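Below is one structure, written out as C-alpha cells, with a few remarks after it.
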Amino acid sequence: MPKNKAPKPSKAGVAPSPPAKPAAPPDWPQFKPPLPVVDLVPELHPATPKIATIPFFFPKNLCRDYVTFLKTLPLQTTPGKPKRGEAVRVNDRFQIDDAAFATRLWETTGLREALLDGEDVKNLWGGEPVGLNPNIRVYRYSKGQYFDCHYDDSTNLTLPTEPPISARTTWTLLLYLTSATEGCVGGETVFYPHDRQLPSEEIAVSLETGTLLLHKHGDDCLLHEGREVKAGEKWVLRTDLCIKR
C-alpha cells in the first residue's frame, strides 16, 4: 500500500506542456567524445537506497557544449503563482517530447548497462528498465531561483518503440551540467527522508558537473527541494527511468 505522507505539501509530476512547442525536436549536440568516458558505476547514498548518483556521466567539456546549446532554446519562466496543490518553482524551463534523444541517452551513454548490470542496484528500479521518458525537460536556475519542497509523481506511458512498450516511470533522473566549478553557488537538491523539513534530517546532494542524480519517485518519493541559487546558473537536464508494466 502507498505510504501515508503527512503533511504532503505538493507534487511535481510530469509538468504540463508549455503554451508553445517547437515544430520539431532540437538538434541536440552529439556526444563528443563518445560516451561513456569512464565505467559508469551507480553509487547509492549511504543514508538511503532511494538516492543514487553516477559521477562523470557527461565529461565537463560536453556539459559546456550542452549549456551553450541550451541557452539558444526558447526557455520560459515558470509562473510566479503556482496552481493549487503545486510546489512553488521559480526557474526557466524548456520541455519537449523527443523519443530519439531519450533513446540516445539510454542506449549510447552506457546508462542502460550501468543500471541493468550493476549488482548493487539492478533490483532497485521497481521492475525491468526499458528506457527513458521521451518527455525531456531543461531547467535553468539563476540567482534567486529555486524549487520548493515537493514530491515527484510516477506516470504511465507508452514508449514509441517497435512494438510499443507499456511503461511506468519509477525514478527521476537529473543531469547536473553546472556546479561551483562554473560559478554556481547553492542550488543543492535536498531530501527529507521522514517527510518533514528538518535541517537535522536533511540529505543534501551538492552539484557536481556531469553527475547524474537518480532518486525514486511515485509513492516512495522522498520530500525534496532544489535550494535557491545564490550566484551563477544551475543547468539541469531531466528525464525519468521507465520500467515495463
Side-chain angles (χ1 to χ4, degrees), residues 2-3 11-15 25 28 31 35-36 38-45 47-58 66 93 95-139 147 150-177 189 191 193 203 205 208 210-224 226 236-245:
K3 178 176 68 174
K11 286 192 173 185
V14 175
W28 305 97
F31 299 150
L35 302 179
V38 298
D39 290 336
L40 299 183
V41 180
E43 300 177 357
L44 290 178
H45 195 281
T48 173
K50 295 181 181 181
I51 303 172
T53 55
I54 301 180
F56 309 111
F57 184 73
F58 269 21
Y66 262 74
R93 58 181 284 120
Q95 177 175 321
I96 188 73
D97 286 332
D98 191 341
F101 185 61
T103 299
R104 281 178 59 197
L105 287 170
W106 178 242
E107 295 184 351
T108 69
T109 61
L111 178 61
R112 176 174 59 185
E113 292 76 13
L115 300 191
L116 291 177
D117 298 341
E119 289 298 327
D120 295 336
V121 299
K122 64 182 181 181
N123 296 321
L124 291 179
W125 313 124
E128 178 189 352
V130 290
L132 300 178
N133 191 345
N135 188 306
I136 305 295
R137 284 138 284 176
V138 174
Y139 302 142
F147 197 167
H150 63 282
Y151 300 93
D152 291 358
D153 271 337
S154 176
T155 187
N156 293 332
L157 68 159
T158 300
L159 296 181
T161 53
E162 187 57 48
I165 298 175
S166 295
R168 175 169 59 90
T169 66
T170 56
W171 285 65
T172 296
L173 276 64
L174 300 173
L175 176 57
Y176 295 141
L177 298 173
T189 304
F191 298 88
I203 301 171
V205 179
E208 294 291 343
T211 289
L212 186 66
L213 169 65
L214 304 88
H215 67 87
K216 197 170 186 179
H217 67 216
D219 291 334
D220 292 326
C221 186
L222 298 177
L223 180 68
H224 61 286
V236 180
L237 195 63
R238 179 196 166 164
T239 181
D240 311 285
L241 180 65
C242 296
I243 64 165
K244 184 181 290 186
R245 61 179 172 90

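These figures come from a predicted structure and were not determined experimentally.
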So D240 and R137, side-chain contact (heavy atoms from CB on, under 4.5 Å) or not? Walk me through it. CA-CA 10 Å; D240 311 285; R137 284 138 284 176; 2.6 Å; yes
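- Under the rule for a salt bridge (charged side-chain N to carboxylate O under 4.0 Å, His left out), E43 has no partner lying at least two apart in sequence or in another chain.
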Yes or no on side-chain contact (heavy atoms from CB on, under 4.5 Å) for D152 and R238, after CA distance, side-chain angles and deciding distance? CA-CA 12 Å; D152 291 358; R238 179 196 166 164; 3.9 Å; yes
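- The shortest non-hydrogen separation linking A52 to L44 is CB-CD2, 4.0 Å.
- Shown here are the side-chain hydrogen bond (donor to acceptor under 3.5 Å, both in side chains) partners of T211, two or more places apart in sequence or in another chain: there are none.
- K122 is linked by a side-chain hydrogen bond (donor to acceptor under 3.5 Å, both in side chains) to E119, counting only residues two or more places apart in sequence or in another chain.
- T170 places a side-chain N or O within 3.5 Å of a backbone atom of W125 that can act as its donor or acceptor partner.
- Expressed to the nearest 0.5 Å, how far CG of D153 lies from OG1 of T172 amounts to 9.5 Å.
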side-chain contact (heavy atoms from CB on, under 4.5 Å) for Y176 and V205? Distances and angles first, verdict last. CA-CA 11 Å; Y176 295 141; V205 179; 4.3 Å; yes
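- Between I203 and A47 the shortest heavy-atom distance is CD1-CB, 3.7 Å.
- For the pair Q95/N135, a side-chain contact is recorded, criterion being any heavy-atom separation below 4.5 Å from C-beta on.
- H217 meets the ring pair (Phe, Tyr, Trp, His ring centres under 6.0 Å) test with no other residue; sequence neighbours excluded.
- The shortest non-hydrogen separation linking P55 to V41 is CD-O, 3.9 Å.
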For L35 and L40, run side-chain contact (heavy atoms from CB on, under 4.5 Å): C-alpha distance rounded to whole Å, both residues' side-chain angles, the deciding distance at 0.1 Å, then the answer. CA-CA 10 Å; L35 302 179; L40 299 183; over 6 Å; no
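- Checking each of W171, F191, Y151 against H215 for a ring pair (Phe, Tyr, Trp, His ring centres under 6.0 Å) leaves exactly one that passes, namely F191.
- L214 places none of its side-chain heavy atoms less than 4.5 Å from the side chain of P42.
- Taking both residues in full, the closest heavy atoms of P25 and D97 are given as CG-O, 4.4 Å, listed atom of the first, atom of the second, then distance.
- Listed by chain and residue number, F31, Y66 satisfy the ring pair (Phe, Tyr, Trp, His ring centres under 6.0 Å) test with F58 (two or more places apart in sequence, or in another chain).
- T169 and N133 share no donor-acceptor pair across their side chains, judged by distance under 3.5 Å alone.
- A search for side chain to side chain contact (heavy atoms under 4.5 Å, CB included) contacts involving D39 returns nothing, not counting sequence neighbours.
- The side-chain hydrogen bond (donor to acceptor under 3.5 Å, both in side chains) check on E162 picks up nothing, with sequence neighbours excluded.
- At distances below 3.5 Å, at least one donor-acceptor pair connects side-chain atoms of R245 with backbone N or O atoms of A167.
- Within the 3.5 Å criterion, the main-chain N or O of L223 finds no donor-acceptor partner in the side chain of H150.
- Rounded to the nearest 0.5 Å, atoms CG (L237) and CZ (F57) are 9.0 Å apart.
- Between the CG atom of L175 and the CG atom of L212 there is a distance of 6.0 Å, given to the nearest 0.5 Å.
- The side chain to side chain contact (heavy atoms under 4.5 Å, CB included) check on F56 picks up V38, with sequence neighbours excluded.
- In plain terms, the two heavy atoms of S154 and R168 that are nearest each other are OG-CG, 3.3 Å.
- What you find for V130 and I165 is that their closest heavy atoms are CG2-CG2, 4.1 Å.
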Extract all donor-acceptor atom pairs below 3.5 Å that involve side chains of residues 101-113 and protein atoms in other chains or at least two apart in sequence.
residue: T103; atom: OG1; partner: A99; partner atom: O; Å: 2.9
residue: R104; atom: NH2; partner: P29; partner atom: O; Å: 3.1
residue: T108; atom: OG1; partner: R104; partner atom: O; Å: 2.6
residue: T109; atom: OG1; partner: L105; partner atom: O; Å: 2.5
residue: T109; atom: OG1; partner: L111; partner atom: N; Å: 3.2

